[in-house]
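Okay, so here's the structure we're looking at.
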Amino acid sequence: MTVPLLDVKNLNVTFQMASGDLPVSSDVSFTLEHGKVLGLIGESGSGKTVTSKAILGLLPSVGTAKSDFIRYKGRDISDLPPHEFDKLRGADLAMIFQDPVGSFNPVKTIGWHFRAAGRVHPEGHGDIAADAAEALRKVDIADPKTALKKFPHQLSGGMLQRCLIALIMFSRPSLIVADEPTTNLDNLVERQIITLFDKLRRDIDASFIFITHDMTIAEQISDDIIVMYAGQIVEHGSAKALMHAPRHPYTQGLVKTARELEGDVDTLTEISGEVGTGHWPDNKCRFAPRCPHYQAACDHAVPLHPVAGHGAVRCVMATDKEATR
Amino acid sequence: MTIAAAPKTPLLAFEDVVVSFTAGAGLISQLRGRTTQFNAVDHVSLDVAQGEILGVVGESGSGKTTICKAALGLHQMAGGSVTLNGKALDLSSGAMQMVFQDPLSSLNPRQTVAQALRVPLRLHGLAGKADMDAAIDALLVDVGLGAQFRNRFPHELSGGQLQRAAIARALATQPRVLFADEAVSKLDVSVRAQILNLLKRLRDTHNLTIIFVTHDLHVARFLCDRIAIMYFGKLLEVGPTRDVYANPRHPYTQELLGTLDKDRVTQVSTRDIYNPLTDDRRACRYLGRCPRAMDVCSQVHPDHRPTGQSHSTACYLYDESHT
């Protein structure tokens, strides 16, 4: 059996707040194979960003991550000391955030960022300038020599996001976490970036964790999708299964709205209420207050239940169906 | 300038509106004499009918927000006019209101929901001491919040509840026109449908006219009766939503709506994107990216031409001689 690129088991993240400990994500487990894209879907506060930051060792100081293990290429990185993590990040693990401006040093040129990356991770680079130009050409930047001399503020948001992708291509990481990388961009640029990600994945054989709240984009780019709600995974399956036959009522609502917006309807189907924040109960279904299929069984703890041919679903209805089959 | 006619008598009319910004307005640029004027909204004419939801769609920098703010008096117009029912606007009348993208920053953090609603009701003389509470409750019910939210502060509300409160405040002055600037783009996906349905219902129950600014093409198609496509300050195309989506006329609209086709690989070139500071302002704004550019396109930006029932397009491809 081959070792998966990333294997996460029972990851729990807690924030230490003045008002006490606040669990922000609980019992997150998944594996990611080489060259695959995992879509991570959820609304703000669902724990999707926090989960990825915990994996990359980037939690803010108030956050604590506990897990059985987080194995990267078979090696447990859950308790890696900071200086060891620094060697991994950038070379092996890379991140793309929503706001490309914040990812660059505003007083340094684009070229400086490539040189810095080449200096920290010199492996595999002959001529840094040539490699940087080559990476920029791959993201359709027509005149890389000029672009390398520019400062971040001189480039548009789309250009800058492409430079960031080029910088990542240049470092050739194995795992890339992209957190809402197209949310701030216009449709045309968004489309272009999605196309580039696909190219990047094939070019350097990278795996992706792609965080988004957009079902349509998740469907286009992902092999597998995890849907998170209130800090828990509520559904996990192949993108195809999840988008065509969602099993959790929350996923069903999201897919339905996405489909309705693509089609032609007068009124959108609403998921009533809102997720809210704060302390979610551990001993009952967290989606129950909004669920159209609420029943007495939902007032007990609902585990993430494996569903044959689909993946896993945290819903009493999914377990019932499996049991009666 | 040909006016893109709305199907009914216009309630709101933009005529040849120009909003001008100065680039390099900082002290150093001024001392060096390096300031440049450019038109963020460049001679736009557009009619909006009573009870209509008009979608204004465009990329950032297209002028879609600026034209709304100009109508509300939040930007000075360098030219043209905006009229409501044929009359010059009385900005203090409360006949036009705006809902913003981020509801948290558009509500006063130290005011309860009821306080936020009381001010416009009192200032516009719409409710006295006796009927104030009833008026506030009616507004809250209207937006689906209910009277129990009266004494909540903004930080006690979720994103969707905040946006409902912001909409209630906008409705307090009984406006004829509501401008909604990306009003759902910061909301969670599961809440977005609620607010979109609410806006549609308010149009139906109040005969409210809504100008909905968005860059989300799916949302625009769901909500809007007509779509106006803007690009670097110019209105490129305006027409009924179904018509525009089924048969986009302008090459830019065609490129933009092409992104909705999931199976199509979009090779977008941003190489020759229009630069408002350095490029020729007489030429068509879309010239550098247009796959169908002709000689005439580099000479003067085209006027609007009729391209269907209440549909017009600013493109030489639809010249009278060609159609």
Side-chain angles (χ1 to χ4, degrees), chain A residues 41-46 140-143 155-159 162 183-196 198-199 212-217 219-220 229 250-251 253-277 287 290, chain B residues 57-62 144 155 157-162 164 184-198 200-201 204 214-223 231 241-242 245-246 252 255-273 275 289:
Chain A
I41 290 182
E43 21 205 305
S44 44
S46 63
D140 296 331
I141 286 180
D143 184 0
L155 301 172
S156 70
M159 274 279 259
R162 283 188 284 152
T183 305
N184 272 347
L185 303 172
D186 300 310
N187 298 70
L188 286 169
V189 186
E190 172 176 83
R191 202 52 200 253
Q192 191 182 29
I193 299 288
I194 299 291
T195 312
L196 274 179
D198 217 36
K199 195 169 163 186
T212 180
H213 62 264
D214 188 323
M215 297 299 281
T216 317
I217 288 181
E219 180 183 19
Q220 281 171 42
Y229 185 82
Y250 177 63
T251 320
L254 292 183
V255 171
K256 192 156 189 204
T257 311
R259 294 284 184 243
E260 283 173 346
L261 277 174
E262 284 167 23
D264 194 5
V265 291
D266 259 354
T267 312
L268 297 170
T269 309
E270 296 177 9
I271 303 175
S272 68
E274 289 180 54
V275 58
T277 48
F287 186 65
R290 302 176 71 185
Chain B
V57 174
E59 310 175 3
S60 46
S62 63
H155 73 266
L157 301 179
S158 64
Q161 289 164 350
L162 278 168
R164 285 175 196 268
V184 298
S185 48
K186 276 221 165 163
L187 301 178
D188 284 327
V189 264
S190 74
V191 178
R192 201 172 292 181
Q194 297 174 15
I195 300 296
L196 287 171
N197 283 339
L198 171 67
K200 219 172 193 178
R201 184 167 59 72
D204 295 341
T214 185
H215 70 272
D216 188 320
L217 299 169
H218 285 128
V219 165
R221 178 169 55 188
F222 164 74
L223 188 67
Y231 187 75
T241 306
R242 276 165 195 268
Y245 276 74
Y252 173 65
E255 188 187 10
L256 193 64
L257 294 178
T259 59
L260 293 177
D261 184 354
K262 281 186 237 170
D263 302 323
R264 207 168 95 182
V265 180
T266 325
Q267 201 61 49
V268 190
S269 166
T270 50
R271 257 159 244 173
D272 296 305
I273 199 161
N275 183 333
R289 284 166 72 178

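Here is the naming used below: chain letters follow the sequence lines, and residue numbers restart at 1 for every chain.
Heavy-atom pairs under 4.5 Å with chain A were tallied for Q194(B), Q161(B), E59(B), R242(B); the largest tally goes to Q194(B). Of all the listed residues (T267(A), D143(A), L268(A)), the one sharing the greatest number of non-hydrogen pairs under 4.5 Å with chain B is L268(A).
With rounding to the nearest 0.5 angstrom, the OG atom of S46(A) is 11.5 Å from the NE2 atom of H213(A).
In this structure, chain B has a heavy atom under 4.5 Å from the backbone of S272(A), while its side chain stays farther away. There is no contact between R201(B) and chain A, counting heavy-atom distances below 4.5 Å. Proximity to chain B is limited to the side chain of T257(A), based on heavy atoms less than 4.5 angstrom apart. With a 4.5 Å cut-off on non-hydrogen atoms, L196(B) touches chain A through its side chain but not through its backbone. Interface residue D266(A): backbone and side-chain heavy atoms are both found under 4.5 Å from chain B.
Residues D264(A) and F222(B) have side chains not in contact (no heavy-atom distance under 4.5 Å, counting atoms from C-beta outward). Looking only at side-chain heavy atoms (C-beta outward), E255(B) and R289(B) come within less than 4.5 Å of each other. In this structure, T216(A) and Q220(A) have side chains that are in contact, with non-hydrogen atoms separated by less than 4.5 Å.
Using cut-offs of 30° and 60° on the angle between ring planes, the pair Y229(A) and F287(A) is perpendicular.
A donor-acceptor pair is defined here as one N or O able to donate and one able to accept, closer than 3.5 Å; no such pair exists between the side chain of E262(A) and the backbone of H218(B).
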